[in-house]
Amino acid sequence: MYSYLKELNEIQRQAVETIEGPSLVIAGAGSGKTRVLTYRIAHMLNLGIHPANILALTFTNKAAREMKERIAKMVGEQTAHYLWMGTFHSLFAKILRFEADLIGYPSSFSIYDTQDSKNLIKTICKELHLDPQVYKSNEVLGRISNAKNNLITAKIYAGNFQIRETDKHSRKPEIYRIYEIYERRCKNAGAMDFDDLLLKTNILFDMHPEVLKKYQEKFKYILVDEYQDTNFSQYLIIKKLALSHQNLCVVGDDAQSIYAFRGARIENILNFKKDYPGFRLFKLEQNYRSTKNIVNAANSVIRKNKNQIQKNVFSEKEQGNKIKIIEAFTDHEEGHIIANMINDIRYSEHHKYSDFAILYRTNAQSRILEEALRKKNIPYRIYGGLSFYQRKEIKDLLAYFRLIINPLDDEAFKRIINYPKRGIGNTSLNKLLNFARENNLSAWQAAIKLNSENIGLSSAVIKKIHEFMGIISKFSAMINTGEAYETARQIAIQSGILKELYGDKTPEGISRYENIQELLNGIKEFTSTENDEGMKPSLVDYIQNVSLLTNEDNTKEEDNDKVNLMTIHSAKGLEFKNVFLAGLEEELFPSKFSSSNISELEEERRLFYVAITRAENQLFISYAKTRYRWGQLDNCVPSRFIRDINPDFIEMENALLSMKNFSKKHTNSIGNQENKAIFTGNSKNTQGDFKQKLKKLNNTSKVSSSNQNSNTKILNEIKAGVFVNHQRFGKGKVLTVEGVFPNAKATIEFDTGGKKQLLLKFAKLEIIKNNT
DNA sequence: TGCGTGCTTCTTTTT
DNA sequence: GAAGCACGCA
């Protein structure tokens, strides 16, 4: 008997040892799911199954990487190397590149990220003269994405009466046309969006049975993690691949299905028995993570949902503390209390910072929490948010890479044709793009014809365009052969990006420059380790990988001892000794977009369940009675989810007692007193904000905004009144705001100190004696 | 052509 | 509190 099998409980062991035939592993929260998956794969390898015959699909690169590392430890690097383990998107992108010519794509196809897709949709809507108020790129993309995930191509979409009726009903009857053009443009640009990677895989398998057969033979054993989060498109791919051997093991927990918003179908796991009648079922119900109290509380919540597989998750750890409910007056105070408690517990329980997590529903909540932690000098780390790969400077450089690899890539072309500035303005670009569109060409192809076609561009501009193209072409010759890091560095230099950023000595500019360096280092690192085929990856390999990477794939593990901040979604699969769950207010959690519809509300409740079950020892749930939203103070109602917890497992934490002074001060400053205003502002919007808010001020008494750049948090309270005069704020200039109010005169001066930041230089408030 | 300015809109979660 | 867009001026 293999020694690792002894580390498992009976059911886990059975799940690991049952290799043949379809199996469904229902893995409750904290039940050792990852362990079962890794051991199962290791076990298969020990039994002599070749790693190249195993396909293991995960939802994040991180999950795949970690699992691979653990398996490598058990069976050796060499063997683990040949496993096909990764996300749906990355693995099927790989297959699509192999088979690209069969579906009419270049194997060097680009992958459009969400931003690219939205931009393209905006362009199309503009061309069709559609009202951008009605046809919001977000919603349109949502419709298209939804269609693709259900295998509805543009052609089917246009021909489907019911879909068209739905669109007409929502006053967007033209979506089918947008979809059609969108699809054509992507094809012309040799580009796929995220959903295409799955859709085209399905199309490939449907149109070419011999190709499907090939992969069915290759992937004799298939494992899928987080099966409850698969969408229809992914479900079909798995079904097709598993058809001949039926050695399919899916792992998941219906109670943790939280991605319906992007097309995940909880039915996939609920209906597994219908698709694979001879399946074996393994229910992992023992929770090894949390105290009895937390597990029981979580159970009492999830019980409220109708749609689920019956199971009995239990814990054999100690009873543990009750869940503590914290009430705060404001969102700022909430952050303050949490920061205080982290310090207290860290001291009293000898916990590390990294034993704490603060979870929230929306990314927007993180800023206030950060602020509170910074004030107390508590180190923290934010997961998610704006990804490294979505920063402007990174996307700019990546766009160069993309265009070099695939010159048809229109979104990349548009992004960098005039960055850094080379005198090709919007007017010229639009002429070129119109010409391209009329002839159904990509921008690049159109630009080639500029010498023979007259489209009203001056010869100077044409020359500039061709110079730009010259740079790109020069590199496309060497991108496959050249040493990756050096090639990338040369591109950064010769494109002018490095010079442009080097010249910018503002803090933001310096940070951008450093980010570019970091990207280059990342390339160096990536291309220095050998890939599956035992070769050094080229720059092309890197680029084709990078579009599917997220923030978590870039963060380094060095700086360990930090409080973890993240959305509940990104906390899935993680665990912490102490968890703070912030912002438990109606309309925030559950989100106001979800509370009207039962199935969406159930998804929110599952999300709540996920949040609770992240905690090992202690869970705090907090809500604020008032919260700022769009610069306005809203009253909040405690979330219904708090009432969903069986009251036996919760207690009120009277954090306010120790916070009395803070609360008082704070409630004052947000306008409880008549004629009170708070001024702050950021570098770009200062004037607009001031003006707008002062306009409102004529008849109200509250004004607020805050300087988010600031090491200088400017909080100036001014007796409210009428705005008098100001000077526009700009880089390196001084902004003076002067106001005469019914009973006060205020002057505030901001100085940029040559930087883009606002520094408070001078503030004066004179109270005018009121004669009446 | 580029930049500054003012207005508008936007927020759920992410591969 | 931030980003995109359109407009107008140099």
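Quick caveat: nothing in here was measured; it's all calculated off a predicted structure. A, B, ... follow the sequence lines: proteins, then strands. Residue 1 opens every chain.
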Between atom CD in A:E603 and atom P in B:dT13, what is the gap in whole Å?
13 Å

Answer yes or no: does atom CG of A:L574 have more than 12 heavy-atom neighbours from other residues, nucleotides or ligands under 6.0 Å?
yes

Rounded interatomic separation in angstrom, taking NZ from A:K122 and C1' from B:dT8:
13 Å

Rounded to whole angstrom units, what separation is found between the NE2 atom of A:H569 and the C1' atom of B:dT13?
4 Å

Pair A:F88 and A:F59, ring centroids less than 6.0 Å apart:
yes

Taking the six-membered ring for Trp, does A:F261 stack with B:dT13 (centroid gap under 5.5 Å, planes within less than 30°)?
yes

Taking atom C1' of B:dT13 as reference, at what distance in whole Å does atom CG of A:L607 sit?
7 Å

Write down the distance between CG (A:N430) and C1' (C:dC5), rounded to a whole number of angstrom.
14 Å

Closest-nucleotide 5' rank along DNA chain B - winner of A:T87 and A:N426
A:N426

DNA chain B: A:K592 or A:R262, which has the more 5' nearest nucleotide?
A:K592

Please classify the nucleic acid contact of A:Q133 as base, sugar-phosphate, or nothing, using heavy-atom distances under 4.0 Å.
sugar-phosphate

With rounding to the nearest 0.5 angstrom, report the CD1 to CG distance, A:I568 to A:L581.
5.0 Å

Do A:F593 and the base of B:dT12 stack face to face, with centres under 5.5 Å apart and an angle between planes under 30°?
yes

Distance, rounded to the nearest Å, where A:E602 contributes CD and B:dT12 contributes P
21 Å

Under 4.0 Å from OP1 or OP2 of B:dG2: is there any side-chain N or O of A:N418 that close?
yes

Would you indicate, yes or no, if B:dT14 has its OP1 or OP2 atom less than 4.0 angstrom from a side-chain nitrogen or oxygen of A:T567?
yes

Quickly work out the A:E139 CD to B:dT9 C1' distance and round it to whole Å.
13 Å

Does B:dT1 have its OP1 or OP2 closer than 4.0 Å to a side-chain nitrogen or oxygen of A:S428?
yes

Would you say B:dT14 has OP1 or OP2 under 4.0 Å from some side-chain N or O of A:K572?
no

Is the NZ or CZ atom of A:R605 positioned over A:Y609's six-membered ring, under 6.0 angstrom from the centre and within 45° of the axis?
no

When rounded to whole Å, the CD to C1' distance for the pair A:E500 and B:dG2 reads 13 Å

Reckon A:K421 touches a base, only the sugar-phosphate, or nothing at all at heavy-atom distances under 4.0 Å?
sugar-phosphate

Using OP1 and OP2 only, check whether a side-chain N or O of A:N138 sits under 4.0 Å from B:dC10.
no

Does NZ or CZ of A:K392 fall inside the cone over A:Y419's six-membered ring, less than 6.0 Å from its centre and within 45° of the axis?
yes

Report yes if at least one side-chain N or O of A:N363 is closer than 4.0 Å to OP1 or OP2 of B:dT14; otherwise report no.
yes

